[in-house]
Amino acid sequence: QVQLVESGGGLVQPGGSLRLSCWASLRAFRSYAMAWFRRVPGREREFIAATSPNRNPVYAADSLKGRFTISRDNEKVSVYLQMNSLKPEDTAVYYCAAAVRVGYSWHDYDYWGQGIQVTVSS
């Protein structure tokens with residue numbers, strides 16, 4: 001059974017930083033595209049960023065690229081999301097996901113973590 005486990009969320013003040021981690025029990029982790037999504041209540045999961053098997057990053061928008069950085073460590077079967085200059089509107093549940101190729105929609109991904117809360121508030 002595939003497991004994706006997120007960690008590193010929590011409460012942070014506006015302007016602060018967090019680093020999310022996602023460990024994956026994927027046997028062929030290095031062959032998978034890994035992504036981060038987020039969701040606020042009442043809305044669909046929003047694509048943030050993805051990293052291809054050869055570590056090429058893809059971001060949803062330039063504004064996010066400037067504040068969020070995705071990376072992966074194939075030896076540790078993990079993917080990370082460094083989030084800087086956080087804003088209250090970044091408050092959401094953050095999910096990591098895996099797929100055989102990079103996609104921009106949550107429909108493109110086969111495996112999901114349980115999600116982790118990030119709250120940006122003073």
Side-chain angles (χ1 to χ4, degrees):
Q1 182 179 357
V2 174
Q3 283 188 300
L4 303 181
V5 182
E6 301 99 338
S7 61
L11 174 65
V12 63
Q13 292 188 343
S17 298
L18 280 177
R19 186 188 191 219
L20 302 183
S21 300
C22 173
W23 174 86
S25 67
L26 286 164
R27 194 170 285 185
F29 177 83
R30 62 181 67 245
S31 300
Y32 280 83
M34 300 297 297
W36 287 97
F37 287 77
R38 65 185 180 184
R39 184 162 77 177
V40 298
R43 297 177 62 180
E44 280 200 348
R45 296 182 188 190
E46 174 192 13
F47 174 77
I48 299 172
T51 172
S52 66
N54 59 3
R55 296 190 176 91
N56 286 338
V58 177
Y59 295 91
D62 287 343
S63 60
L64 287 177
K65 181 181 180 180
R67 297 191 297 122
F68 292 5
T69 303
I70 190 170
S71 61
R72 66 189 293 160
D73 186 332
N74 289 337
E75 297 302 317
K76 295 182 178 179
V77 290
S78 294
V79 61
Y80 308 98
L81 187 68
Q82 178 67 43
M83 305 185 293
N84 299 327
S85 303
L86 284 163
K87 306 174 182 180
E89 52 264 42
D90 293 318
T91 295
V93 177
Y94 285 70
Y95 299 87
C96 69
V100 294
R101 60 182 61 84
V102 172
Y104 292 86
S105 168
W106 67 270
H107 299 279
D108 297 326
Y109 289 81
D110 304 305
Y111 303 107
W112 290 88
Q114 79 284 358
I116 192 163
Q117 179 70 43
V118 171
T119 302
V120 185
S121 175
S122 55

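Each residue takes its place number in the sequence, starting with 1. FYI, side chains are in, hydrogens and waters are out, and symmetry mates aren't considered; it's all heavy atoms of this structure.
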Is it true that the NZ or CZ of Arg45 lies under 6.0 Å from the centre of Trp112's six-membered ring and within 45 degrees of the ring axis? yes

Please confirm whether Arg72 makes a cation-pi placement over Tyr32, using NZ or CZ under 6.0 Å from the six-membered ring centre and within 45° of the ring normal. no

What pair of heavy atoms forms the shortest contact from Asn84 to Gln82, and how long is it? OD1-NE2, 2.9 Å

Does Gln117 reach the side chain of Thr91, with side-chain heavy atoms less than 4.5 Å apart? yes

To the nearest 0.5 Å, what is the distance between CZ (Arg101) and CG (Asp108)? 9.0 Å

Nearest heavy atoms of Lys76 and Ser78, plus distance in Å: O-OG, 2.8 Å

Using every non-hydrogen atom in the two residues, find where Val79 and Ile70 come nearest and quote the distance to one decimal. CG2-CG1, 3.9 Å

Tell me whether Val100 is reachable from Phe47 by hopping between hydrophobic residues (I, L, V, M, F, W, Y) whose side-chain heavy atoms are closer than 4.5 Å. no

Glu6 and side chain to side chain contact (heavy atoms under 4.5 Å, CB included): which partner among Leu81, Val118, Ile116, Val93? Ile116

Does Ser25 use its side chain to pair, donor to acceptor, with the backbone of Gln3 at less than 3.5 Å? yes

Glu46 versus Val40: any side-chain heavy-atom pair under 4.5 Å? no

Worked verdict on Met83 versus Leu20 for side-chain contact (heavy atoms from CB on, under 4.5 Å): CA-CA 8 Å; Met83 305 185 293; Leu20 302 183; 3.8 Å; yes

Can you find a pair of side-chain heavy atoms, one from Ile48 and one from Tyr94, that are under 4.5 Å apart? yes

Is it true that Val102 and Val77 fall in one hydrophobic cluster, defined by side-chain heavy atoms closer than 4.5 Å? no

Shortest non-hydrogen contact between Tyr80 and Asp73, atoms and distance: CE1-CB, 3.9 Å

Residue pair Leu4 / Tyr95, side-chain heavy-atom distance below 4.5 Å: no

Examine Phe37 and Trp23 and state if one hydrophobic cluster contains both, with Ile, Leu, Val, Met, Phe, Trp and Tyr joined whenever side-chain heavy atoms are less than 4.5 Å apart. no

Between Arg38 and Leu64, which heavy-atom pair has the shortest distance, and what is it? NH2-CD2, 4.2 Å

Met34-Trp106 co-clustered via ILVMFWY side chain contacts under 4.5 Å: no

Under 4.5 Å between side-chain heavy atoms, counting indirect links through other Ile/Leu/Val/Met/Phe/Trp/Tyr residues: same cluster for Trp36 and Val120 or not? yes

For the residue pair Ser121 and Leu11, establish whether any side-chain heavy-atom pair is separated by less than 4.5 Å. yes

Taking all non-hydrogen atoms of both residues into account, name the closest pair between Tyr109 and Ala50 and its distance. OH-CB, 3.7 Å

